[in-house]
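See structure below.
Just so you know, ligand 1 is whichever comes first in the structure, and atom 1 is the first atom listed for that ligand.
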Amino acid sequence: MNLVILGAPGSGKGTQAARIAEREKIRHISTGDLLRDAVARGTGIGKRVAGIMTAGQLVPDDIVLNLLRETLANAAERKRFNGWILDGYPRTARQAEALEDVLGKTGDTIDAVIYIELDPEVVVNRLSNRRTCVSCKAVYHLVNNPPAVEGTCDACGGKIVLRDDDKPETIRKRLEVYKKETLPILSLYEKHHTVHRVDGSKPIEEVTSDIAGLIGV
Ligand code: AMP
């Protein structure tokens with residue numbers, strides 16, 4: 001099963017993608033995580049994109065597409081998993097077109113698109129309170145879902161930090177980019193794919209079971 005999950009930054013798409021991937025034994029492919037790994041490893045790509053990400057802007061299409069293409073084509077991973085859920089890609093209409101091209105070559109098709117709907121006010125609150133584990137990428141909310149020990153990941157003991165792009169000055173920029181560049185993809189997808197709309201304001205577990213019900217798993 002191949003899925004695309006769309007939603008504003010902070011809508012919970014990363015959290016839900018991870019949960020659906022775990023539940024369905026499919027691959028969670030997050031372009032944000034791929035890029036952050038490149039930054040953390042200090043690769044050439046990492047050095048090119050670090051400033052762009054901190055500013056809340058979109059990384060150039062060719063860089064993201066190359067990372068995605070490599071990841072989708074990885075033979076060992078294709079053997080290990082029976083499908084994927086794409087989180088953070090596509091983010092523009094052009095990326096949606098590029099994705100169709102890549103899928104034409106790998107022979108994959110998108111079975112369903114999930115769109116998590118959430119009020120922008122809630123998004124700002126969530127992102128400014130979000131903390132992320134630097135090691136395993138687990139996500140916390142300082143008020144709704146804090147770690148047991150402050151600053152330490154419950155899952156792996158790693159350090160929990162505020163992502164550079166979750167700082168208040170960047171959040172507004174990311175939301176603007178989302179509205180202008182990413183939201184138009186929805187109507188594009190509505191023409192060619194089944195788009196399932198989910199209420200992202202509900203508790204994490206309920207959103208997951210709503211998604212599971214809608215995609216029939
Ligand atoms: P995310 O973890 O999905 O919120 O992504 C974090 C940041 O990575 C974004 O604000 C962008 O700077 C960059 N990024 C992730 N995915 C893409 C993409 N598909 N196209 C361009 N930039 C991306």
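- When hydrogens are left out, the protein atom nearest atom 20 (N) of ligand 1 is Gln95 NE2, 2.9 Å; that is the closest non-hydrogen contact.
- Of the listed options Gly56, Pro90, Ala98, Gly88, Gly88 places a heavy atom closest to atom 19 (N) of ligand 1.
- Of the possible polar contacts, none joining the Lys13 side chain to the Ala8 backbone as a donor-acceptor pair under 3.5 Å is found.
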TODO: Evaluate the criterion salt bridge (charged side-chain N to carboxylate O under 4.0 Å, His left out) for residue pair Asp108 and Arg78; output intermediate values, then yes/no.
DONE: CA-CA 11 Å; Asp108 296 329; Arg78 289 182 73 85; 2.9 Å; yes
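- Around the CZ atom of Arg94, the shell of radius 6.0 Å holds no more than 12 heavy atoms that belong to other residues, nucleotides or ligands.
- Looking at Leu58 against ligand 1, both its backbone and its side chain come within 4.0 Å, counting heavy atoms.
- For atom 14 (N) of ligand 1, the nearest protein heavy atom (residue, atom name, distance) is Leu35 CD1, 3.4 Å.
- Of the protein's heavy atoms, Arg174 NH2, 3.1 Å lies nearest to atom 4 (O) of ligand 1.
- Residue Tyr89 has no N or O atom closer than 3.5 Å to an N or O atom of ligand 1.
- Using a cutoff of 4.0 Å between basic side-chain nitrogens and carboxylate oxygens, Asp165 and Lys173 are not scored as salt-bridged.
- The nearest heavy-atom contact from the protein to atom 22 (N) of ligand 1 is Val59 N, 3.1 Å.
- Residue contacts with ligand 1 for Arg163 involve side-chain atoms from C-beta outward but no N, CA, C or O (heavy atoms, distance under 4.0 Å).
- Nearest to atom 1 (P) of ligand 1 by heavy atom, out of Met53, Arg91, Lys13, Gln57, is Arg91.
- Not a single donor-acceptor pair under 3.5 Å links the side chain of His193 to the backbone N or O of Val195.
- Between Arg19 and Glu22 there is no salt bridge, since none of the side-chain N atoms of the basic residue sits less than 4.0 Å from a carboxylate O of the acidic one.
- Remark: minimum distance from atom 16 (N) of ligand 1 to any protein heavy atom is reached at Thr31 OG1, 2.8 Å.
- Using a 4.0 Å cut-off between heavy atoms, Asp61 makes no contact with ligand 1 at all.
- Classification of Asp37 and Lys137 as a salt-bridged pair holds, one side-chain N sitting under 4.0 Å from a carboxylate O.
- For ligand 1, the polar-atom distance check against Asp33 finds no nitrogen or oxygen pair separated by under 3.5 Å.
- The residues Asp33 and Arg36 are annotated as salt-bridged, a charged nitrogen and a carboxylate oxygen being separated by less than 4.0 angstrom.
- Side-chain polar atoms of Thr208 and Gln16 form a donor-acceptor pair below 3.5 angstrom.
- The shortest N or O to N or O distance between Asp87 and ligand 1 is not under 3.5 Å.
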